[in-house]
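Scope of the values below: all heavy atoms of this structure, side chains included, with no hydrogens, waters or symmetry mates. We name chains A, B, ... by the order of the sequence lines, and we start the count at 1 in each one.
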Amino acid sequence: MSESVAPAAATRRAEGRFVAARSLLARRPRTAALALVVAMALGLVVLEGLHDVAQTGLNGLVLGSIYALGAVGLTLVYGILKLVNFAHGEFLTFGAYVALLASVTLGLPLVAAVVAAVAATAVLGLGFELTMWRPMRARGAGLLQLLLMAIGLAFVIRYGIQYVAGSEIRTLPFDRTSTVELAGLRLGRTELIVIGVGCVALTAIGLVLRLMLLGKRMRALADNLDLAEVAGIDTRRVTTFTWLFAGGLAGLAGVMAGAVTTVRPELGFALLLPIFAAVILGGIGDAFGALAGGLVLGLVIEWSTLFLDFRWKTAIGFAVLIGVLVVRPQGLFGRARAV
Amino acid sequence: VQKTAVAGILSVTVAAGAVGLSACGEDEEDGGGAQQASLNLTIGDLVPLTGALSDFGPPGRKASDLAIEQIQQAAEEVGAEHTVRVVHEDTQTEPQASVQAARKVIADGASCLTGAWASADTIPVARSVAMREDVPQISPASTSDEITELQDDGLISRTTPPDSFQGPALAAAIEQDFGSAEGKVVNIGARNDAYGTGLADSFATEWEKRGGEIGGRVIYDPDQPSYNSEARQIASGAPDAYVIIDFPETYAKVGPALVRTGQWDASKTWVTDGLKSSSLPKDAGRKATEGMRGTAPGVPDENSAAKAFDRLWEEAGGPGRQTFDAQNFDATILCYLASVAAGSAEGASLAEHVRAVSGPPGTKYTWEQLPDAVRALEQADDVDYEGASGPIDLNEAGDATAGVYDIFRFQDGDVKTFDEVPLPRLNR
């Protein structure tokens, strides 16, 4: 009985909200996005009960923080260097395997393994900048050439890892089964750590970008690389830091993803599409947008499971993306440009 | 053309030499009417060395190699002019890679395919390679019912029984455990592909037929990074038992999520052949596997050919036993026997004999009696090959119809078989 009435009422309510939200979304995207998520949560609480919504919301945060960590690096590189780094997913995989090497093979403590993974992936990112991207930019390579190189690089890294480490499933020595229970909500201990680490790392990056001179310079490069160079900014130094940031964050995201799931050569590639979705959702090139995009995507995907079949998970994420882009082609946080 | 001519001349010379030798020696004379055809057969083995079924790849390849050794020894013993070799290609457990692998082995001269393993790989290989090129294909491990329905002119077969048998077998095993299925509630979790949904359906139908109930059915995407919400749904409602239909790579993520729900119980959980892997306790964690039971195509306990195969496997060294390895061994031998029966290594004529040599009528021969089977075939006698994995006995649709399902349990971080249920005889 109630099942047939409730969705119809909800649709009508949602339609009303949608019209109001449309104008708000155009003017104040951040407030609107937040309001939309809160409204969605409240609507779901009414329909499905507080406990279920909170539990799936927590699950969504785990997913979202992995997406967000992966997305920030990808969007920074695009924003500043105009490079669509298809190999970004493989950076995640690389990070996970470095952590595996450090913790399982070499027997280092977990914290050291995480640090090693972050450092190694940062160096990897910088290495490709110095050997591939910088010379290519100097020769005036276009977006398409760079994109194809990045796709090729992705295959080289993925199969390189598979060649060295094998294709079998590995696991990091994190405890994946013990849980923390609070007010009837359950979350894996490792997942809680992932959310915590994600929040700390993302806040730190956010502060660096906003407050430090380096962040200001990065934004200057993102606006116009030539103009920034003329203005006396050492663009080489800024791009170097960009790659270190992007690589390091990707490595961290890889370890986090490996910690809550398994480590295999396709780890990063499987995450690449939702990470791209998070980047586009937030507005290409905007670090905060990517962060918000990742979290929104994670929440929406998990919440959708309350009333939709689990098979729709991936489709829902992209449906949200399309919906947002229809209203705001530049993404939630992107600035309107001539379209 | 030149090649065959040369080969022909060579074989005639060698055969003449052999006749001369045997005439000189004190050996008994061969039967006069024997076909003295020379045979140059290449078998293409499509194994999942990487990807979701990578646990099964190396043992599968070893089984194929062991079969080739047996074939070569048998040919030598009989004195037949048979040159048989195998080329292995990795399917990556990916449909596209499988099709490419099949094209490659055919380009290498293969006229009989063993593989692929995942149903989702076997079907595209069948449709776009085997059926187009008129090459027989024998899968050792694909259990999807869709393969039964392929309009393949007898080209596609498998040495393992299909899901439409395993679903009922699993239901029988669970009923046997409960005493009666009446009113017992089972929650199902299955991966969203041909294997997962096919088995979920065939199990559910049979379970309800036996008077049981299906509590909830969760079909999940195999490539998600997080399965908390799915796991919560599977574990909800306090059912009497759980049925999980999955492959190791995905279960390594789903299993821990099930443990984290705090409501799920491994000892109440039943799985299928896809998860019968001794490395699963390591990949998914002990807590996600210990006490879990399941069914998988097996060999009758009293079968001596199976025991002999066990010994052969141990003596050879290399990777340990794994589900479907014996089936791949048998698939390879079937390719060879069919080729001998046809007196040709040509795909289309070979295909006509695959079913005939797999089952009645005919004298039963195990792999240990391979030389006798070859002699019988050369006398144009009927042969019924009894495999290392069971009697096989392919039906019209190319499905194995005889054998048993093992019931296994995850115990102390390993898989142990503790019982068996007979393969349900269905009118197909």
*Could you tell me whether the side chain of B:Thr323 reaches within less than 4.5 Å of the side chain of B:Val415, counting heavy atoms only?*
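A side-chain contact under 4.5 Å is absent here.
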Engaged part of [X] at the chain A interface, taking heavy atoms whose separation is under 4.5 Å:
X        : value
B:Asn192 : side chain
B:Ser54  : side chain
B:Leu258 : neither
B:Ala284 : backbone
B:Ser279 : neither

When you look at [atom1] of [X], are more than 12 heavy atoms from neighbouring residues, nucleotides or ligands closer to it than 6.0 Å?
X        : atom1 : value
B:Lys416 : NZ    : yes
A:Phe269 : CZ    : no
B:Glu208 : CD    : yes

May I ask you to name which of [options] has the most heavy-atom pairs under 4.5 Å with chain A?
options                               : value
B:Ser229, B:Pro225, B:Gly57, B:Ala257 : B:Ser229
B:Thr261, B:Asp55, B:Asp223           : B:Thr261
B:Thr50, B:Asp221, B:Val254           : B:Thr50
B:Gln233, B:Lys287, B:Arg232          : B:Arg232

*Pairwise distance OH(B:Tyr195) to OG(B:Ser142) - rounded to 0.5 angstrom*: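 That separation rounds to 10.5 Å.
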[X] versus chain B, the contacting section by heavy-atom distance below 4.5 Å:
X        : result
A:Leu306 : side chain
A:Leu63  : side chain
A:Thr171 : side chain

*asked:* Measuring centre to centre across the rings, with the benzene-like ring taken for any Trp, is B:Tyr227 within less than 6.0 Å of B:Tyr251?
replied: no
Report the option among [options] that has the most heavy-atom pairs separated by less than 4.5 Å from atoms of chain B.
options                                : value
A:Val260, A:Val62, A:Ile301, A:Thr179  : A:Thr179
A:Lys313, A:Gln55, A:Arg189            : A:Lys313
A:Arg186, A:Arg264, A:Gln162, A:Glu168 : A:Arg186
A:Asp309, A:Thr305, A:Thr261           : A:Thr261

*Pair B:Thr269, B:Trp264: side-chain N/O donor-acceptor within cut-off below 3.5 Å*: yes
_Sidechain N-carboxylate O distance under 4.0 Å for B:Arg260, A:Glu191_ = yes
*Is B:Arg321 salt-bridged to B:Asp325, cutoff N-O under 4.0 Å?*
yes
*Between B:Trp207 and B:Phe203, how do the two ring planes meet: parallel, tilted or perpendicular, split at 30° and 60°?*
parallel
